[in-house]
Number of protein chains: 2
Amino acid sequence: MRDVAERAGVSFKTVSRVVNAEGGVSEVLADRVAGAISELGYRPDERARRLRQSDAKTGAIGFVIVDVSNPFFSSVLRGIEEVATAHDSIVMSGSTDGDKDRERQLIDAFVSRRVDGLIVVPEGSTDNTLRVEIERGTPIVFVDLEPSELTADLVRSDHHLGSVAATEHLIAHGHRDIAFFGDHPDISSSRLRRAGYEQALTAVGIDIDENRIVQDRLRPDEWRDVIRTYLETHERPTAIFSAQNFVTVGCTQALHDLDLHTTIAQVGFDEIELGDVVTPGITTVPQHPLDLGRRAAQTLFNRIGGDRGDVTKEIIASPIIQRGSGEIRPAATPAD
Amino acid sequence: MRDVAERAGVSFKTVSRVVNAEGGVSEVLADRVAGAISELGYRPDERARRLRQSDAKTGAIGFVIVDVSNPFFSSVLRGIEEVATAHDSIVMSGSTDGDKDRERQLIDAFVSRRVDGLIVVPEGSTDNTLRVEIERGTPIVFVDLEPSELTADLVRSDHHLGSVAATEHLIAHGHRDIAFFGDHPDISSSRLRRAGYEQALTAVGIDIDENRIVQDRLRPDEWRDVIRTYLETHERPTAIFSAQNFVTVGCTQALHDLDLHTTIAQVGFDEIELGDVVTPGITTVPQHPLDLGRRAAQTLFNRIGGDRGDVTKEIIASPIIQRGSGEIRPAATPAD
DNA sequence: CGAACCCTTGACAACGTTGTCACACATCTG
DNA sequence: CAGATGTGTGACAACGTTGTCAAGGGTTCG
């Protein structure tokens, strides 16, 4: 900026006035300054600008996510981006893989860069990094997951109700021996989904069988083998509720590997690509990640804009989509 | 910081020393300061810190992407993130949807926040926003696409060779009437893929038929209908090369819709989820987006670290993966 | 016992920007 | 024609931090 001022033969302040189109600058000078700016390729330093007006927003928000490369989360991010753009804001994001330390690091990095707010998928967070931030008044919105001991605005799918619906759907098609494959129970959505599964079973008097439940934190590509092995080493269930998108993919692959895809029924939680092209099509309880992202960001920007209302919870339910896999009936129905 | 200093009864500088563990502070004071810091929940302002040491890095890079919610790109982002984390850097990202203005806006936003470098998927960029940045010496790496008039480091898949291989594969299975469905020719990868397709055909003396080529910029979910309509209104090709991931998904859906999936051969460019579970499995020329992201980021951080070597181009080829759809032979082979 | 040293601490300037104010000069008003 | 008003411009402080330097106090050494 100094260089520009010197080149145009004016003071900093005049340059500043031109850059910000404040007016009150004669045309002659304004032109000279504009010329100098483009000759030197000068860009105002946003950091310094925001530093000076220290009450001003930084025009950036942070998104702490479990894994961007999971299409569910990347769609959430896309939704957030859209709203952020409309508010002239930039999105910084980072994946945690559910690692507590990484989560803390990311939040620290965002906070120390003075983001205007945070959207967090809190996978490991009884953490008090977040607690401190909330107390300081940093706007924070949770998305997808719900931490047990922290309170802030929240937007997520109705994991419980969706799972009840999925399980009831299988029961309605004659199944009583339904396996549950899902994420690690540390993850709040996974707990809720399992609870929904159990509730639906219990409601019709089916006992919960621990052998029918597999919950684990695996890499996306590991589920295929795990489920195939399960099916090879256990008495086979007549139906499966695969309670997460990667699990659903792995499950579908495993069923095809063993040529059981027309024998064992499957309902998944969350949509997957080509879910309607596989044979049979995969019956799922969909989520709407783009929408989740938009809503979360909308809530965040309301807070950033000064909304001091009560903490809100948006819990979104979606009806099951039938495509075939969930409507397979058990092969034999032995009298019991 | 002032508050902390006051509370601990010391000067700013001492607080600064404690925060940065500079040493040379007595234990008594250090403890008092540490106490004040945690009581007040103080976080140093990274912006001010970096402002003061104006030669220092900001610890942030920008990623200008076409669409984060495309799994291909979100995997690239994930790869970038990994490397960035290892370099203590944050990633800001934004989707352009190939819109030039949006691209310029994003680059501006990143540059004025003084990112240490940029990774760009240059979809609309003859733009001189970027040219100016390159001239100023901002480290920039292009990924996936290659702008015609700008020079910087580049990491991408071998779109041309991959497409030659895909087309040759179909030819080798007896096809001479092969349709090409792909992205808009504005996009450099799309041009290269089409060129590869044409080269392979021409090499064996097959004429290029414009009616067999559809290139367009569509929303991901539009391809299904477009391709179905094409197949309903045109004499049917015996094989299809679907030259992008969303196109491949739409094509597979359309083929299933019309029950042509066992009749018409298909080879896709880029992997898609469940590509091995659909019947038949989808033969593809894979890309390795995670790896592309890692390499691009690695190159960028080398530059940021001061590497002034010649501009590099990494062009990565991968062998075709056969899964069934690409090995379908034409129904009848009329003498011609 | 005084000089030379080390250690801890603080005052001040600086980073790149904008807000505040005052100054110079031109123009209007009574 | 003096005073009031308006217009363009620049000097300076401030944002939150760190680098530089000097001062204060204690220790060591001759």
Side-chain angles (χ1 to χ4, degrees), chain A residues 1-37 40-60 88 108-116 136 138, chain B residues 1-37 40-60 88 108-116 136 138:
Chain A
M1 174 149 152
R2 199 199 323 253
D3 301 338
V4 174
E6 202 167 311
R7 180 148 191 150
V10 298
S11 70
F12 317 160
K13 184 58 223 195
T14 303
V15 177
S16 166
R17 275 189 262 259
V18 173
V19 170
N20 297 342
E22 276 180 42
V25 179
S26 68
E27 268 188 53
V28 209
L29 279 197
D31 286 354
R32 222 158 67 206
V33 171
I37 286 178
L40 272 64
Y42 161 81
R43 300 292 173 104
D45 187 325
E46 202 59 30
R47 297 169 308 165
R49 183 198 305 248
R50 313 264 189 180
L51 183 59
R52 180 57 174 83
Q53 325 165 300
S54 54
D55 52 329
K57 307 298 169 215
T58 54
D88 271 318
D108 259 6
F110 293 155
V111 168
S112 62
R113 281 178 179 77
R114 295 294 186 267
V115 291
D116 297 327
R136 294 175 91 208
T138 308
Chain B
M1 175 150 153
R2 200 199 324 252
D3 302 338
V4 174
E6 203 167 310
R7 180 149 192 150
V10 298
S11 71
F12 318 160
K13 185 57 221 196
T14 303
V15 177
S16 167
R17 274 188 262 259
V18 174
V19 169
N20 297 342
E22 275 182 42
V25 180
S26 67
E27 267 188 53
V28 209
L29 278 197
D31 286 353
R32 222 157 71 205
V33 171
I37 287 179
L40 272 65
Y42 161 82
R43 301 292 172 106
D45 187 325
E46 202 59 29
R47 298 171 306 166
R49 186 202 303 255
R50 313 265 191 181
L51 181 59
R52 180 58 175 84
Q53 325 166 302
S54 53
D55 52 328
K57 307 296 169 221
T58 54
D88 271 319
D108 260 6
F110 293 155
V111 168
S112 62
R113 282 178 178 76
R114 296 291 187 270
V115 290
D116 297 326
R136 295 175 89 208
T138 308

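Predicted, not measured: the structure shown is a model, and the values here were computed from it. Protein chains get the first letters and strands the later ones, always in sequence-line order, with residue 1 at the start of each. These values consider heavy atoms only, across backbone and side chains, with no hydrogens, waters or symmetry-generated copies.
Judged purely by atom type and a 3.5 angstrom limit, Arg113(B) uses its side chain to pair as donor or acceptor with the backbone of Gly59(A).
Within 4.0 Å (heavy atoms only), Arg2(B) reaches sugar-phosphate atoms of the nucleic acid but no base atom. The residue Val10(A) sits close only to the backbone: its heavy atoms come under 4.0 Å of sugar-phosphate atoms, none of a base. Contacts of Val25(A) with the nucleic acid, taken as non-hydrogen atoms under 4.0 Å apart, involve only primed sugar atoms and P, OP1 or OP2. Using a 4.0 Å heavy-atom cutoff across all strands shown, Arg50(A) reaches no nucleic acid atom at all.
The side chain of Gln53(B) has dG19(D) as its nearest neighbour among dT20(C), dG16(D), dG19(D). Across dT17(C), dT20(D), dT9(C), the shortest atom-to-atom separation from the side chain of Lys13(B) is found for dT20(D). The Arg52(B) side chain lies nearest to dT17(D) when the options are dT18(C), dT9(C), dT17(D). Here the side chain of Leu51(B) is nearest to one of dC15(C), dT18(C), dT18(D), namely dC15(C).
Note that CG of Asp45(B) is 11.0 Å distant from CZ of Arg50(B), once rounded to the nearest 0.5 Å.
Partner Val18(A) forms a side chain to side chain contact (heavy atoms under 4.5 Å, CB included) with one of Val4(A), Val25(A), Asp31(A), Leu29(A) and no other, that one being Val25(A).
At dT9(D), none of the side-chain N or O atoms of Thr14(A) fall inside 4.0 Å of OP1 or OP2 (strictly under the cut-off). Neither OP1 nor OP2 of dT8(C) sits under 4.0 Å from any side-chain N or O of Ser26(B). Residue Ser16(A) places at least one side-chain N or O closer than 4.0 Å to OP1 or OP2 of dT18(C).
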For Arg2(B) and Glu6(B), what are the C-alpha separation, side-chain angles and deciding distance, and is it a salt bridge (charged side-chain N to carboxylate O under 4.0 Å, His left out)? CA-CA 6 Å; Arg2(B) 200 199 324 252; Glu6(B) 203 167 310; 6.0 Å; no
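Here dG16(C) presents its P atom at 16 Å from CG of Asp45(B), a figure rounded to the nearest Å. To the nearest angstrom, C1' of dT20(D) lies 16 Å from CG of Asn20(B).
Counting atom types as modelled, Arg17(B) pairs a side-chain N or O with a base atom of dG10(C) as donor and acceptor under 3.5 Å.
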